[in-house]
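Notes to accompany the following structure.
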Amino acid sequence: MRRTYKRTIPLILAALVALFSSCGAETVSSSLSPLDGSSSDSSISGYSETASELRGVYITTAYNLNFPSRAGESAAELAAELDAIVENAVLWGMNTIIFQARAESDALYSSEIFPTSAYLVVNQGDELPDGFDPLEYLVTAAHAVGIDVYAWLNPLRVTRGGSAENPKTDLSALAETNPARQNPELTYEYAGELYYDPGLPEVRELIADGVYEVVANYDIDGVLFDDYFYPYPEASGEVDENGDTVYIEIDDADTYALYGDGADIDDWRRENVNLLIEACYNAAKSADADCKFGISPFGIWQNDDGENGGSDTSGFEAYSSLYCDALSWAEGGYVDFLAPQIYWSFDKSSAAYDVLANWWNAQLDGTGVTLYISHGVYKYGTDEWSAAGVVDEITAEIEYARQLISYRGSMLYGYAALAADTDGVSGEVTSCFADEILYSAPISTGAGVNIISHDYGEYLTLETVKLTGTSDPAYPVTCDGKKVSRRRDGSFYVTVTLADGENFIEFMQNGSPFVLKLYHGSDFPP
């Protein structure tokens, strides 16, 4: 039964040989060319629902990284730190602060469910210092200067520690009011940390109650979960008979026995996370229908294996390792936005920024779910970026994203680097956000898919060719069943690999096919 709280409701070759097309071949005409560096589409004919680009900064409370600077500060000290955060956000051209209001099973706000955070007070569960509520103060201060506030909540982590040197698995060390201490059966231990078990209905209800509480009692503009659901895998220190690393097992066998119902355990875990997200979305909307709810998932959903529709990457993937299926959340309609953590540069071979930005752009095209991108400004000053000669990376990333049809803004992770202006990053961001950028939902132009000639000729010796096309901006496009990443005017390009002989490449938009016939091989024409 959901608890009742006081509610304060605020609120992406003309055809070499075209076999047929049941949709028109009219070329999209737009005042914005995705290739000319333009950044505002406010003048584009046929667009509506104009809104400003989201420009957000993450404020991390875990480990006292960004706020507060230490536990046990006075109300005056806390207020001064939050004032400085708001002032910096204004200085840098931000319009959104993503504030980590729950780092663990705790709260940096007044809560009837979770104890006051030990990052804020000396002992977890102590009273708010002089009654000072950081979230309430931040919302008031930020709204006064036109900045939105999203409550960033970590749903399932109970403690933060480590299996070797700093294990934190003692429930008795938690505040007596901590739900984990009161209900230890809701938790499991993994690699020196405690987690809530999302396979338990009681856990999903608890987390949803927590979302409801914060949305109902604070005039926040959004709720964001990050990438922590099931724990990141940690090596056990052993290898199997093939010499492969053995990872620590998640201790949810009893929960699976109760609720698994014979399902594959990986699928079951993913469904548990799906149910959690859906419950939290519904809780947020029941408290305030205007409050946005979304997730900042790990940047790689799945690596493409030729069949799963994943990205052309080769890194750690959330789907199989964290049991997070972000596409299910979008397709199910229980997120308003996704803000994938694409914390890699353009030249990262295993996970290139543009490859991932295009992939997420394609997947969200036509879903009604907004794409924001989380950028890793914390990498300025590191060996990976600065020492490797990576410069002006964030500017390049944001300007690239602005071409994409699903993109509506950026969230920057690394407040400390911005505040220190590491390698000039705050000046770079300020310049990048100097001008207002407007985005609008595209409406139909009535045009169909059209492929623009690149003068390959009718008979191709090339095995791989790049096709550039245009489309109706209002409807997503697939090429041989896979969604295509499109620019804001509906234009796109795809790379296709040809077999010997005749190749039939089918584009589909809004139920209408456009089929391209290409010949490949030295013995053609027949």
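- Centroid-to-centroid, the aromatic rings of Y343 and Y378 come within less than 6.0 Å.
- Looking at S311 and I300, their side chains come closer than 4.5 Å, going by heavy atoms from C-beta outward.
- Using cut-offs of 30° and 60° on the angle between ring planes, the pair Y188 and Y195 is parallel.
- With respect to K285 and D336, a salt bridge is recorded, a charged nitrogen being found less than 4.0 Å from a carboxylate O.
- A donor-acceptor distance shorter than 3.5 angstrom exists from the side chain of W359 to the backbone of G309, with no hydrogens or angles considered.
- With respect to the salt-bridge test (charged N to carboxylate O, under 4.0 angstrom), the residues E53 and R402 qualify.
- No close placement of the F67 and Y415 rings is indicated, their centers lying 6.0 Å or farther apart.
- A donor and an acceptor atom, one from each side chain of Y196 and S105, are located under 3.5 Å apart.
- Checked by atom type, the side-chain pair Y58/N66 shows no donor-acceptor distance below 3.5 Å.
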Would you please test D227 and C324 for side chain to side chain contact (heavy atoms under 4.5 Å, CB included) and show each step? CA-CA 8 Å; D227 54 322; C324 292; over 6 Å; no

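- Just one of Y228, W344, Y323 meets the ring pair (Phe, Tyr, Trp, His ring centres under 6.0 Å) condition when paired with F298; it is W344.
- Tested against F507 for a side chain to side chain contact (heavy atoms under 4.5 Å, CB included), the candidates C479, S512, P513, S471 yield a single pass: C479.
- Across Y407, F225, Y372, a single residue satisfies ring pair (Phe, Tyr, Trp, His ring centres under 6.0 Å) together with F337, and that is Y372.
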Check the pair D133, S110 against side chain to side chain donor-acceptor pair (under 3.5 Å), reporting the backbone distance first and the verdict last. CA-CA 6 Å; D133 186 323; S110 179; 4.9 Å; no

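- Taking the six-membered ring for Trp, Y353 and W385 have ring centres at least 6.0 Å apart.
- Side chains of N303 and T313: a donor on one and an acceptor on the other come within 3.5 Å.
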Report the C-alpha separation of K482 and V494 in whole Å, then their side-chain angles, then the decisive distance to 0.1 Å, and conclude whether the side chain to side chain contact (heavy atoms under 4.5 Å, CB included) test is met. CA-CA 10 Å; K482 293 184 178 181; V494 292; over 6 Å; no

